[in-house]
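Worksheet: the structure to be examined is printed underneath.
To find a chain, count down the sequence lines: A is the first, B the second, and so on, and within it residues start at 1.
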Amino acid sequence: MLIQAEHLQKTYHMGAVKVEALKDASFQIAAGEFVAIIGPSGSGKSTLMHILGCLDRPTAGRYLLDGHDMSRASDNQLAEIRNKKIGFVFQQFNLLPKATILQNVCLPLIYAGLRGRRKQQQLARQALEMVGLGERLHHRPNEISGGQKQRVAIARALINNPALLLADEPTGNLDTKTGQEIMKTFHRLNQEGHTIILVTHDPEIAAQARRIIQIRDGLIQRDEVIA
Amino acid sequence: MILEILRMALDSLTTSKMRSFLSMLGIIIGVAAVIAIVSVGSGAQSQVTSQISALGSNIINIGPGITRGRSGRLSFTATDVFTMELAEQILRNCPSLARITPNVQTSGILIAGDINYQTTTVGVTPAYQEIVEYYPVRGQFINAEHEANATNVMVLGAKLAEELFPGQDPLGQRVKLFARNRKLLFVVIGVMEEKGTGAIGNLDNQAFIPASVLLKKINNRKYVSGYTAQARSSETAKTAVAEVEYFLTRYLLDTDKFNISSQEQILATISEVTATLSLMLGGIAGISLLVGGIGIMNIMLVSVTERTREIGIRKALGAKRKHIMAQFMIESLAMSGFGGLIGIIFGWLGALAVAKVGGWPLVVTHTSVLVAFSFSLLVGLFFGLYPAQKAAKLDPVIALSYE
């Protein structure tokens, strides 16, 4: 199993108020799956995504990624796992505005400690071609369209060959047509063997995955394989 | 990796040039001030030192004692102790002394033909030239015979000779000296070399006559204001001072009546004073470096806040604490270091300008440049630490959701 979530629980303290964002979530995801995590805002799906993406640790429960327990890992270990095993795609694209497309895609390689600018750029070009971007590589993010930005983000997510592609509302800031194209890219990547977890509140987008995990009030409400 | 992070840091600095420059300004001014002040201090010191050294070497001044009068006023005691005979006695009794010459002078008007010139006339003995290291270029200096016989001969300073005898040969010419209501006629026997303005005034404008002539025929008294003596070598200078002190104490039976100061002591005092001044002013300039550091910290803190989201993105992509730390440290170090470099240039230019105006040599020591630059780096390191740590410690989830 690529992912084993066992009774994940996350509690925040906001002043005196205790917020149970995640009460009890258990599931397993195998390599090669295409899973949508769906739920309304405030359901705990963002919290779940942060834990799955090793951006955060659960308050209780165990999270195993590729057999390694991430629940008790140090900040630096989490950073390394994020770098090597997880590729993020965000709703806000989250590209560095002052860096060029190529520089943005190279960033995870730099933190992976890969030396040689030419080698980095070669890998970045390959990743960008995989998502259908071959030009405007020296432009800055504000000079390209939303769909192109998201492709850049996907290329950046893919560049270290992660075990898991984690997309948080990847079509949320795109029009329907561009959104569909991005979804097609995800489908293709899934067919090529990438494991994809898609976090969304949109049932239509979720319906394009092969499995839906529905979450509500910090609990898993439904977990079923479709199509 | 370091190279990549360095490039990222420099990229972010160059994208907001104006802000980077403004935050560097404190460091620039601080470093420039430190370098300029230290340089001006050492330049002024070297000028004063060279002026004092120009008076001759291993010089010991023997003068009237300084007493504290009423209401704390300083005054010189009566000088009716220093005679020509005493000078000879001092020389005889102090084996470390090579030579001695009296200090006696008068101001008066020199007249040659129809040219009048108001100047100082100095009474000298032959030893004067060796002590002051000042020699005639033409003719001869006052010799022992002139002094013994009180002959009316005169040696002119280089500029004085030109003033009194423009376009003529002054040797053998006659000059009248009016001083203290007396009128004397002299024969010019020599012209001195050019010496320029020194610590005891411009020698080039002065006239030199035998001390005996000045005392007997003009001042009409046997006392001089003091002596200038010269030790045999720099090694014996201290001994010479002790010998003179010992002799005069025994001879005059009153230590208040005389005061001995060696050139070495004067030089030491001057270096001490200028060093203290430079240190103090440099310290004040150093404070502006510190203020500059706070400016850098301030802008780095603003930058960390502004770039919270960027930090979140970098962390999501796998940046560890040390990467974020390094990025912000390099930024603040680059700012302070670059500011330091600009400061060195400005400080050097400032020192050059002041040296030109002050007419002394430009002295920019490696030490002051090195100290100022490393201090600016240190300031960058110190004041960059807190913002960088703040950035490195950011929680990636919170940083990513920062708007």
Check: Is A/Phe27 atom CZ crowded by more than 12 heavy atoms from other residues, nucleotides or ligands, each under 6.0 Å away?
Finding: yes
Notebook entry, point to check: Counting heavy-atom pairs under 4.5 Å to chain B, which of A/Leu78, A/Leu107, A/Asp56 comes out on top?
Noted result: A/Leu107
Check: For B/Ala316 and A/Phe90, which heavy atoms make the closest approach, and how far apart are they?
Finding: CB-CZ, 4.1 Å
Checklist line | B/Lys322 side, atom NZ; A/Tyr111 side, atom OH - distance, nearest 0.5 Å | finding: 12.0 Å
Next item on the list: Could you pull out all residues at least two apart from A/Asp75 that satisfy salt bridge (Lys or Arg N to Asp or Glu O under 4.0 Å)?
Entry: A/Arg57, B/Arg321
Check: How many angstroms lie between CD1 in B/Ile313 and CD in A/Gln92, if you round to the nearest 0.5 Å?
Finding: 10.0 Å
Checklist line | Proximity breakdown for A/Ile86 and chain B, heavy-atom pairs closer than 4.5 Å | finding: neither
Next item on the list: For A/Ala79 and B/Ala319, work out which heavy atoms get closest and say how close.
Entry: CB-O, 3.8 Å
Margin query: Nearest 0.5 Å, please: how far is NZ in A/Lys98 from CZ in B/Arg307?
Written below: 6.5 Å
Checklist line | Contacting moiety of B/Arg314, where chain A heavy atoms sit under 4.5 Å | finding: both
Next item on the list: For atom CZ of A/Phe34, decide whether the heavy atoms of other residues, nucleotides or ligands shown that lie under 6.0 angstrom number more than 12.
Entry: yes
Next item on the list: Assess whether atom CD of A/Glu192 is packed by more than 12 heavy atoms of other residues, nucleotides or ligands within 6.0 Å.
Entry: yes
Checklist line | A/Asn94 to B/Leu400 - nearest heavy-atom pair and separation | finding: ND2-CD2, 3.4 Å
Item checked: Spacing of CZ belonging to A/Arg82 relative to CG belonging to B/Leu317, to within rounding of 0.5 Å -> 9.0 Å
